[in-house]
Amino acid sequence: MAPLFVFPQNLQALEKDDEEEYQGNSLFVQNAIDIARFRPSELEEFVKGVSFDLSDKELYCIEEQDVFDRVYSLVRGFSSLAPSCKFILAESLRSNLSVLLPNVDSLVRVSQVQDDDETPTLDRVTSYRNAFKIYSFFLLHIILTEESYTGSSNNAKVIASSRKKQPVNSWNWESQRGRMLNLIANSLEINLSLLFGSADPDENYLSFIVKNTFSMFEKATLLKDSETKDALCHIIGACATKYHYTEQSSASIMHLLHKYDFVVTHMADAVAFAEKKYADGTLACSLIREIGRTNPKSYVKDTAGAENIGRFLVELADRLPKLVSTNIGLLIPHFGGESYKIRNALVGVLGKLVAKAFKDVEGEVSAKSIRLQTKQAMLEILLERCRDVSAYTRSRVLQVWAELCEEHSVSIGLWNEVASVAAGRLEDKSAIVRKSALNLLIMMLQHNPFGPQLRIASFQATLEQYKKKLNELEPVKLTEGMMDGVPSDNDSINGEGEVDNGNAEEVTNYQPESLTDSLTHTEQEIASKDSSVPDVGNVEQTRALVASLEAGLKFSECIAATMPTLLQLMASSSATDVENTILLLMRCRQFQIDGAEACLRKMLPLVFSQDKSIYEAVENAFVTIYIRKSPVETAKNLLNLAIDSNVGDQAALEFIVGALVSKGDISSIAISALWDFFCFNVNGTTAEQCRGALAIICMAAKSSSAILGSHLQDIIDIGFGRWAKVDPLLARTACIAIQRLSNEDKKKLVLSNGSRIFGILESLITGFGLPDNIWYAAADKAIDAVYILHPTPETLAADLVKKSLSSVFDDTRGDALQNDIASGNSIVLSTIQVVKLSRYLFVASHVAMNQLAYIESCVRKIQKQKGNKGKVDSEGTENAETQKDNGINAELGLAASEDAVLDTLAERAEKEIVSGSYSEKNLIGECAPFLSKLCRNFVLMQKYPILQASAMLALCRFMIIDAKFCDENLQLLFTVVENAPSEIVRSNCTIALGDLAVRFPNLLEPWTENMYARLKDPSVSVRKNAVLVLSHLILNDMMKVKGYINEMAVRVEDKDERISNLAKLFFHELSKKGSNPIYNLLPDILGKLSTQDLQKVSFCNIMQFLIGSIKKDKQMESLVEKLCNRFSGVTDVLQWENISYCLSQLSFTEKGVKKLIESFKTYEHALSEDSVMDHFRNIINKGKKFAKPELKVCIEEFEEKLNKFHMEKKEQEVTARNAEIHRQKVGNMEGFVMAGNNGEESTESDIAEGVSDSEVINTSVEVQTESSNDESTSKLVEPEESSGACSEVTEQEEETEIQSQRDNKKGASRSRVKKSNMKDVKVTLSATTQRVTRLRKKVEE
């Protein structure tokens, strides 16, 4: 019999010469050959000889010593073999083993036949076993050798060469490896119990196989080959399940999972393969049990391991849902652990189980009930986890719910609860949670079970109809039920709102007999009464439909209720919030959710966002919603949008329309359709639609001005014709269209229809054809059009001002009326004259502004011409003489003087607009003094608010034009902006202040405080404009941030949400400038806010927001020191609380904590207050979370010091308070004793003369007499003591006078505590006793 082959730990173990170790006839290497000494040709012959022996002899010839030694020698030097030799050797070993495996079955049959003689059979079994183990060992060792060689020394070369086409006879290791591992995996499937003599194979064999298989799992590149990966999974599954190597395999799998992230899915595949192949989930259960009993705290430290374990559990639940569902109880306790990654994984596991583990409904009723209860418990856990402390877990739960909705695994009964949770999470503080909530709502809408249309009104109407039908059906059902003995409460509802199953079955069984026979006539009546409601069947089906409609209505209402929140999210600083909110609103619009259309209109201003992703999201949504394949539909959508938009939306609409026209998304055909609407070529077009179409065309013309040129005559005829009277705003839109014409079209229009168009514009400005509320807007654009089109606009503008002036002040009484108005005589003004005067002031001021802009444009045009001339000259087109002249001019500085002359002329022209020349006033200059006097006539202004609005607007425009006029009227402007009753006037003046601050910053600088005062205006619109103006000035460096910035900080907590958001946006943008000015402003803001009358909550919110904008650690550390220093010299408890609160809001670093500890002396006096101490405790708790061991010790010592000092301060306060009380007592007692002495001297006179005193004493005596008539004289002191007891000295009591005898008694009783005054007390008591005795006698008489 051949020696036995014992599986060694490694290849070198076969070479050991210690024969004692191999006693028992073990096979080992006796004559190893060094193949390195062979030449290549010799080595190839040697390999071929070995291969020939293996193929020519018996399969188990490998156990022959000579063959064994030679094969061993080749395997040991396998890495040095040529590729062809490697292929020959590996293929010989592999083919022999593959032939050996089927022979095991034949060996079994032979052994069953030859029961008489077992010796030959045993020998053959031993030989087969030896050969099996030797082949397996050598093949595995070849795999390990080649993998180590390929992976380490030649990795780069292999990767590079693998891209090239391999020769036919080359050594293709990847395919060989897969074949060899598959063979080893298949070897585990044969009947090894015959070979090894027991159910389980040799321990050494299994351990060697498993150990090396798991070592191969550590190589990510190896696992990319699917054949290799499947073979490895097969080997692990077979060893762990079939051969009961479960514990060792579990330990190895857990080790790999903790160490490598790329093995997660492969390990899940291996475990799932074991369960499916052998119908045995032992390995999976073992792993789940191992994970379940791991201490949750260990996952907190090993975050990578926790993530891998979590992913493994999710993958396992996906592959083996039923098995995991039966063992889920082992994992549930980990929901209480601190590792959010494990909680995330468990949430994912529950999602997989709910979706996959409960699909089949086969089995007994009790089993189904248990499974349904398990599923319900899992769903409840998922709902509960939506409130998890970790944002990552909350986000993951919402993602799981979205997956369940997509797979239709959420019942209608649970649908609304999930929707409500998702709607609530839209206000989560974490952006990732909000994103998941938005995606969940999108998914719920997409897969909702209620239908494609979710309008609340439709649901309510349909529900009402079916409720009526149900009410009509139920009485008949009830009657029939009573006739047949069915109880009236058959369809009882349980506590959870679900129809009881048992009763439902009874009803179902009962329906065919009762409903079909007895309700036929009733149903016909109902159908005839309400033919609009389709008949859905019997009562139960109708009731189910009603329940479904109610659920649908609730879902629709839930989604509609999120619209205010979605509006807030569209203003979020997070781009993902905005993008996903727009997607959700588009989905809501698709399902006709109430309010979705209006919310989508609010997204238009987002086109100005600097974030490219937000702009793209808005643009895509706009195209999806409004741009259609049909040009007419596109045109109609756009013009309706223009009609319904406000000023802000129109600016955004203009921007996006221009962009889409440039990109071609709005086609020329759509523009033609818009012209059709404007020209009334489409039936049913209204004047409003005509205006909307022209507005969109004007927007498109901004990017392509040629659009307007083809319809010039239509713009004049329709825009200023009879349709302008139907829709007065059409004229204004036509003026805008004229301004947007290209230069050629403008020239063409002036040449062909110049007199007509200017006449139309003049009549529009000076006439009274338009109502007042529209005239101002139309006249504004008309004057702009005059200055753009007219070759000499100042001449036409002068005529406009003169005509407007003559309409107010006619030739007969013009001067007198003007003087009366200026002097304050308001009686002479009529309502018509007020309107005319307001219009005149508007025209004059707007012409002045346009004249200023016209002068600037002329200067730019001259400078441009000069620049072009210089550019042409520099290109060498000038002659030598011209060059010489230019050179001389440059030397003399004449070129610079030309620019100076041009600037002087421009400045003079600007000044002459309002101030006029030195000799005379011009047309508008004559208006300026009158306007100034008019605005100072406050009585007249209050009587006519419209006139005040127009006059102040004109005054502000004149001030913007002329510096001198501005300086003269600044006091007036600030008086009006503070005291004007009209909020419109105050708003306009506030906006004008911003323009003045830009144009004349030096003039406005002394009035900075007054500008900030507008932030406290009672009007919402004034405060809003003040925030906008100041934000613009400060953020654009036109105004320095001075000591009044605290007023802007107060606006963070403004009652109006828009103002609050604007203030927050200001500070957010301010924090981006330079080194964050808020850092320097914060201490000053803190000091100012502490002295203002602010609610505690508002103060905390403001400071928390401001501190949150400081991100740099150095600034935080410096703030710690600055805030601690503010404690010095402060005695106000409120300021202590505020400073300590701000300290508690800082993000502390190690240096920050050390600075806080070092600054202890600055705030030690404030530690007596409990509120201050609470804030310091919060700081300590924060510090402990991030502190290293050394710093943690310092923090704990600091905490002890704080607590100790706090207690000492409290004790000192109590002691001081008690001392003060004692001092007051002593002072009061001394006063009482002195009063008592005075009382003794005047006792007789008091009794004789003080009638009122005797009355007081009478009262006490009467009470005493009623209580006991037989009371002895020795007890007369008791009423004195009782009356004194009610007047004992307290902390608040102070007495300064003693007038009555009763007061003397009180003083005497109190003075008894002082031994030094005992004599006085006795005298007083004796006198009092005598007095009481006398009175008693009188009473008895």
TODO: Just say parallel, tilted or perpendicular for the rings of H1175 and Y1141, cut-offs at 30° and 60°.
DONE: perpendicular
- [ ] Please check if any side-chain donor atom of E1053 sits under 3.5 Å from a side-chain acceptor atom of Q1095, or the reverse.
- [x] no
Open item on the list: Does K1154, at its NZ atom, have more than 12 non-hydrogen atoms belonging to other residues, nucleotides or ligands within less than 6.0 Å?
Closed with: no
Open item on the list: Hydrogens and angles aside, do Q1135 and S1090 bring a side-chain donor and acceptor to less than 3.5 Å of each other?
Closed with: no
Task: Distance flag, aromatic centroids of H1206 and F1176, threshold under 6.0 Å - done: no
Task: More than 12 heavy atoms of other groups within 6.0 Å of K1151 NZ - done: no
Open item on the list: Could you tell me if S572 and S574 have a donor-acceptor pair between their side chains, going purely by distance under 3.5 Å?
Closed with: no
TODO: Determine whether more than 12 heavy atoms belonging to other residues, nucleotides or ligands lie under 6.0 Å from atom CZ of F1205.
DONE: yes
Task: Candidate list D1017, N1025, N979, test side chain to side chain donor-acceptor pair (under 3.5 Å), partner R986, passing option - done: D1017
Open item on the list: For the residue pair K1096 / N1138, report whether a side-chain donor-acceptor contact shorter than 3.5 Å exists.
Closed with: yes
Open item on the list: Regarding S1159 and E1121, do their side chains bring together a donor and an acceptor under 3.5 Å, going by distance alone?
Closed with: no
Task: Audit row: M1116, K1111, side chain to side chain contact (heavy atoms under 4.5 Å, CB included) steps and yes/no - done: CA-CA 8 Å; M1116 284 288 186; K1111 306 296 182 184; over 6 Å; no
Open item on the list: Do K1112 and Y1079 form a cation-pi contact, if we require the NZ or CZ to be under 6.0 Å from the six-membered ring centre and within 45 degrees of the ring's axis?
Closed with: no
